[in-house]
Amino acid sequence: MTAPTQNTAPSMPAPAPTPSEPAPVAPRAHQDLHTPVLGWFAQHARDLPWRRQEAGPWGVMVSEFMLQQTPVSRVLPVYEQWMARWPRPADLAAEAPGEAVRAWGRLGYPRRALRLHGAAVAITERHGGDVPTQHAQLLALPGIGEYTAAAVASFAYGQRHAVLDTNVRRVLARAVTGVQYPPNATTAAERKLARALLPEDPGTAARWAAASMELGALVCTAKNENCARCPVASQCAWRLAGKPEHDGPARRGQTYAGTDRQVRGKLLAVLREATGPVPQAALDRVWHEPVQRARALDGLVADGLVEPLAHGAYRLPLT
DNA sequence: GAGCCGTGGAA
DNA sequence: TTTCCAAGGCT
């Protein structure tokens with residue numbers, strides 16, 4: 001965030017005022033979104049454990065890792081177990097990374113578990129065991145990108161950040177831009193819009209972030225959006241335009257059956273259930289095709305999700 | 001920037 | 001049954 005008033009050179013003559021220049025505040029139409037969405041959120045926000053005060057920054061951070069591409073309903077039980085077992089970053093950091101992978105269960109994308117463990121180690125080593133407060137510090141942790149850094153800073157510390165997740169991007173695409181879906185990848189225009197919409201007060205901005213996200217998750221959903229329950233339906237650009245269908249290139253559907261990802265999942269499932277080393281023969285049973293099976297296993301080892309032992313045995317990583 | 005990385009519920 | 005989607009990050 002750079003201040004718009006940077007002309008402080010004493011010898012510089014003050015520029016003539018330019019009344020026609022747009023003021024650096026959100027246009028009126030944008031500001032009108034805040035009140036109804038915040039009001040709706042006060043009424044309809046879900047009571048999720050990571051939103052309670054007791055969750056703390058670590059709870060917020062753990063939930064954000066788990067919620068990356070995974071629905072709330074599947075995260076809930078794993079989150080509770082995780083926080084009971086590792087209530088502080090240092091508790092997780094003291095464990096073998098393989099234990100994090102095991103506790104991750106079937107949430108999917110198990111590299112997230114490895115990264116969360118790595119983040120806990122970094123927090124313990126570099127930040128005295130406390131989840132850092134600054135966006136840049138958060139961004140430097142493994143597994144934390146632009147979204148998660150903004151989310152933790154906003155939700156855990158009440159800071160003012162544009163929190164652009166898939167829900168918010170869809171809400172803005174519809175309510176403001178007037179299209180059904182946002183682009184595949186986040187664009188500079190979306191970031192600019194999100195910043196322009198951010199309330200000035202940090203606490204209000206943090207609530208706005210959570211509220212607009214919740215609206216996308218519960219009402220302005222990807223399919224079967226429920227405009228009848230939407231607090232900004234009357235001013236939604238997409239709805240007012242007659243809800244035109246998305247025209248651009250079709251969003252890539254992710255095929256899964258028969259891919260390396262499926263094989264990796266099957267291999268890791270066996271290793272998660274095992275308490276000791278798993279012999280090669282046990283892994284061979286999960287997939288018939290030996291070339292793909294070997295490639296998938298090699299990939300898991302390369303990712304640090306699996307540790308090779310002597311005599312073709314494998315286990316979850318101890319280090 | 002496109003492709004890759006899991007899993008399971010709902011339509 | 002198939003398709004789509006769910007609070008992304010990394011290379």
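So that the names make sense, note that chain A is the first sequence line, chain B the second, and so on, each numbered from 1. Computed from heavy atoms alone, side chains included, the values below leave out hydrogens, waters and symmetry copies.
Rounded to a whole Å, the CD atom of A/Gln68 is 15 Å from the C1' atom of B/dT7. The nearest whole Å value for the distance from the CZ atom in A/Arg74 to the C1' atom in B/dT7 is 4 Å. To the nearest angstrom, P of C/dG9 lies 16 Å from CG of A/Leu107. Atom CE in A/Met61 sits roughly 16 Å away from atom P in C/dG8 (whole-Å rounding). Between the CD atom of A/Glu225 and the P atom of B/dA11 there is a distance of 14 Å, rounded to whole Å.
Comparing C/dG9, C/dA7, B/dG8 against the side chain of A/Arg51 picks out C/dA7 as the nearest. Taking the side chain of A/Ala217 as heavy atoms from C-beta on, and the options C/dG9, B/dT7, C/dA7, the nearest nucleotide is C/dA7. In the set C/dG8, B/dC5, C/dA7, the nucleotide with an atom closest to the side chain of A/Arg264 is B/dC5. Checked against C/dA7, C/dG8, B/dG6, the side chain of A/Thr148 finds its nearest nucleotide in C/dG8. Distance from the side chain of A/Arg106 is smallest for B/dT7 among the nucleotides C/dA7, B/dG6, B/dT7. For A/Tyr181, taking side-chain heavy atoms from C-beta onward, the closest of the listed nucleotides B/dC5, C/dA7, C/dC5 is C/dC5. Side-chain atoms of A/Glu64 lie closest to C/dA7 of the nucleotides C/dG8, B/dG6, C/dA7.
Counting atom types as modelled, A/Arg261 pairs a side-chain N or O with a base atom of B/dG6 as donor and acceptor under 3.5 Å.
In this structure, A/Leu48 reaches the bases: a heavy-atom distance under 4.0 Å links it to at least one base atom across the strands shown. Across all strands shown, A/Arg295 has no heavy atoms under 4.0 Å from either base or sugar-phosphate atoms. Using a 4.0 Å heavy-atom cutoff across all strands shown, A/Trp104 reaches no nucleic acid atom at all. Note on A/Thr166: only backbone sugar-phosphate atoms sit closer than 4.0 angstrom, heavy atoms only; bases stay farther off. Within the nucleic acid shown, A/Gln262 has no heavy atom closer than 4.0 Å to any nucleic acid atom. Using a 4.0 Å heavy-atom criterion, one finds that A/Gly145 contacts the sugar-phosphate atoms exclusively.
A/Leu139 and A/Ile123 fall into different hydrophobic clusters, where Ile, Leu, Val, Met, Phe, Trp and Tyr are joined by side-chain heavy atoms under 4.5 Å apart, directly or via other members.
For A/Ser73 and A/Asp303, each mapped to the nucleotide of DNA chain B holding its nearest heavy atom, the one lying further toward the 5' end belongs to A/Asp303. Each of A/Arg115 and A/Arg170 lies near DNA chain C, and the nucleotide nearest A/Arg170 is the one positioned closer to the 5' end. Each of A/Lys223 and A/Leu139 was assigned the nucleotide of DNA chain C with the nearest heavy atom; the assignment lying further toward the 5' end belongs to A/Lys223. With DNA chain B read from its 5' end, the first of the two nearest nucleotides for A/Ala185 and A/Gly265 is the one closest to A/Ala185.
Note on A/Asp284 versus A/Arg293: salt bridge recorded, some NZ/NE/NH1/NH2 to OD/OE distance being below 4.0 Å. Using a cut-off of 4.0 Å between Lys/Arg side-chain N and Asp/Glu carboxylate O, A/Arg51 and A/Glu214 are scored as salt-bridged.
A/Arg88 CZ: 12 or fewer foreign heavy atoms inside a 6.0 Å radius.
A donor-acceptor pair under 3.5 Å is absent between the side-chain atoms of A/Ser154 and the main chain of A/Ala151, judged by distance alone.
When the P atom is compared between B/dA11 and C/dA7, the two are found 15 Å apart, to the nearest whole Å.
No hydrogens or angles considered: nothing links the side chains of A/Gln68 and A/Tyr147 as a donor-acceptor pair under 3.5 Å.
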